[in-house]
Amino acid sequence: MSTALHLDLNDRALLRDQLLIGGEWVDGAAGARDDVTDPATGGLVGQVAAGTRADARRAIELADAAQRDWGRTPAKTRSRILRAWHDLIVEHVDDLAILLTAEQGKPLAESRGEILYGATFIEWYAEEAKRAYGEVIPSPADGRRLLTLRKPIGVVAAITPWNFPMAMIARKAAPALAAGCTIVIKPAPTTPLSALALGELAQRAGVPAGVLSIVCGPAEEVGGELAESPLVRKITFTGSTPVGKLLMTQAAQTVKRVSLELGGNAPFIVFDDADLDVAVRGAIDSKFRNAGQTCVCANRILVQDGIHDAFVERFAAATAALQVGNGFDDGVEQGPLIDDRALAKVRDHIEDAVTHGASVVVGGDAHELGGTFFQPTVLTGATPAMRIAVDETFGPVAPVFRFTTEEEAVELANATESGLAAYFCTQDLGRAWRVGEALEFGVVGVNTGLISYEGAPFGGVKQSGLGREGSRHGLDDFLEISYLCIDGLGV
Ligand code: NAP
């Protein structure tokens, strides 16, 4: 691989630059390559083979050919392979973190966190592989026995985004492989290196040829083939809501199962009775992780009258103290945005908010580091009329909305087509129940801004998606129920 940036890896074999198809590392059929750049410097990290529709088709065909044997492989064997994959990822966490920060920009500590978080899904589903139980149904008649089997759904296509280039793949591949499905993955073109390194470790862990393939390349070609192929029985997608809708339409032509983890517009509500330290810590964690480029990050901070000024003062101070810089530098808490388009959206949301009456309390402008670095920003006086209230900013901007009553807060929070994550802070147990039940979101954090855990179901309602990842429920999305009615048993 040609690398402009020297990546100091212990195991340089993790730096893969080809497609993984049918257990072999190959160039794309057209011989094209895509640049991978470091968002912190704009420098070239490397070049990776760009696949075509034909490459995707071949990966799907080989996945289909491998499906039968993988589906019949004893659950315990699949479990052991997944466990070996998990262990290798943990062993190589430092190298994987370097690759992730180089192509994505997030601080090295966050990259390590993402890798270890992603690995927990592989560990979890290594266990769950052994628990895909069927059931015996009480018989309605003599001589008959009724039961259900849970079978792998078949070839799975996974399409993943750049903001969590490792964890989003782990969350999909682990339950797919555990259920006995083969999988073809299309990573985001901005961040293919993390995906390919995972592929290398999957090979070393003993994932058989064809069971896990990775095809980088243009969305229309590679994504199009994955969505349209009749051999693919399920699409699992994490990304934007418009692309999710498109994939759902395409998948309808062959009636594929669809799991979608789409955009969010998370409210973070601070009630008068909140513990101020907890509220400020939670809002910082939720808002500024990955420079605000997470689907679960607080997009709207709703603060009750009585605590508003005290919260804004403390929150603004904590925001101003965040260290912005290259993710490889010590102590950095916020890296660059992924690209110029992301930067433009952040600017647009701030300009629109200010035009409609918001005030900038902290930040509000590009960072002196230049490029796509942006100042962590707090706005006050935000209202539902602003673009920032309805659209996911996906950047380090925290607009504070003021409210008076609990009912008003719940109404404001639910006034969105999204329904992924929501947060609120209160010390009143009754309120915790009431508001927890009234919020129309798939994931709700109370007195915390960090909610992810492999044993808990993650996913959205409304236009934030379909299906759940993680937990025992996550396996169901990769299994079909098959009902067996056996007659003539004489019992
Ligand atoms: P995106 O533009 O939807 O892209 C996601 C993936 O879909 C990329 O691999 C992209 O490839 C591919 N893609 C785009 N158009 C496609 C098409 N027509 N057919 C097949 N594949 C296609 O989203 P993003 O900007 O990378 O990610 C940010 C979004 O993801 C945000 O909205 C965020 O909220 C959401 N997200 C949701 C979750 C969740 O769990 N709910 C988690 C993380 C992120 P190309 O780049 O080649 O187009």
Side-chain angles (χ1 to χ4, degrees), residues 32 34-36 39 48 50-53 56 103-104 106 114 117-118 121 157-172 184-192 194-195 214-229 232 235-251 256 258-266 289-299 337-339 341-342 345 391-395 416-422 441-443 451-452 456-470 474 477:
D34 283 334
D35 288 349
V36 182
V48 164
T52 62
R53 194 173 268 275
E103 64 181 354
Q104 205 277 345
K106 66 177 66 174
E114 176 182 339
Y117 165 68
F121 285 86
I159 300 179
T160 54
W162 51 265
N163 63 342
F164 288 95
M166 187 281 179
M168 296 304 107
I169 290 177
R171 277 198 338 199
K172 297 176 182 339
V184 179
I185 301 162
K186 181 199 118 45
T190 344
T191 54
S194 299
I214 303 175
V215 186
C216 311
E220 326 75 70
E221 294 239 353
V222 177
E225 184 65 24
L226 293 178
E228 290 160 19
S229 169
V232 173
I235 292 218
T236 170
F237 170 74
T238 296
S240 61
T241 302
V243 174
K245 289 179 182 176
L246 177 71
L247 289 171
M248 206 171 167
T249 309
Q250 291 173 331
K256 296 186 196 334
V258 177
S259 292
L260 302 172
E261 297 284 357
L262 308 178
N265 180 359
R289 194 163 55 103
N290 200 10
Q293 302 171 113
T294 78
C295 52
V296 290
C297 76
N299 203 52
L337 294 174
I338 192 71
D339 57 22
R341 209 159 51 107
K345 188 172 192 189
D391 195 9
E392 196 183 18
T393 307
F394 235 57
T416 165
E417 287 172 344
S418 303
L420 187 56
F441 294 83
V443 178
I451 36 69
S452 298
F458 182 95
V461 300
K462 302 204 277 191
Q463 294 192 27
S464 286
L466 297 171
R468 292 293 177 267
E469 291 185 341
D477 279 7

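Indexing begins at 1, ligand by ligand and atom by atom, following the structure's order. For reference, positions follow the sequence shown, starting with 1.
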Using a 4.0 Å heavy-atom cut-off, which part of Phe394 comes near ligand 1: side chain, backbone, both, or neither? side chain
What pairs with Lys172 under side-chain hydrogen bond (donor to acceptor under 3.5 Å, both in side chains), at least two apart in sequence or on another chain? Thr236, Thr238, Glu469
Proximity of Val222 to ligand 1 by residue part, where a heavy atom lies under 4.0 Å: neither
Does even one non-hydrogen atom of Arg171 get within less than 4.0 Å of ligand 1? yes
For ligand 1, indicate whether the residue Glu221 contacts it via side chain, backbone, both or neither (heavy-atom separation under 4.0 Å). neither
With respect to Ser464, determine whether any N or O atom, backbone or side chain, lies less than 3.5 Å from an N or O atom of ligand 1. no
Please work out whether any backbone atom (N, CA, C, O) or any side-chain heavy atom from C-beta onward of Leu262 is under 4.0 Å from ligand 1, and answer side chain, backbone, both or neither. backbone
If the cut-off is 4.0 Å to any non-hydrogen atom of Thr238, which atoms of ligand 1 fall inside it? 5 (C), 36 (N), 37 (C), 38 (C), 39 (C), 40 (O), 42 (C), 43 (C), 44 (C)
What protein heavy atom lies closest to atom 34 (O) of ligand 1? Include the residue and the distance to one decimal. Glu392 OE2, 2.5 Å
Geometric cation-pi criterion, Arg171 with Phe458: 6.0 Å, 45°: yes
Ring pair (Phe, Tyr, Trp, His ring centres under 6.0 Å) partners of Phe394, counting only residues at least two apart: Trp162
Sub-4.0 Å heavy-atom contact, Gly465 with ligand 1: no
Are any of the N or O atoms of Ser240 closer than 3.5 Å to those of ligand 1? yes
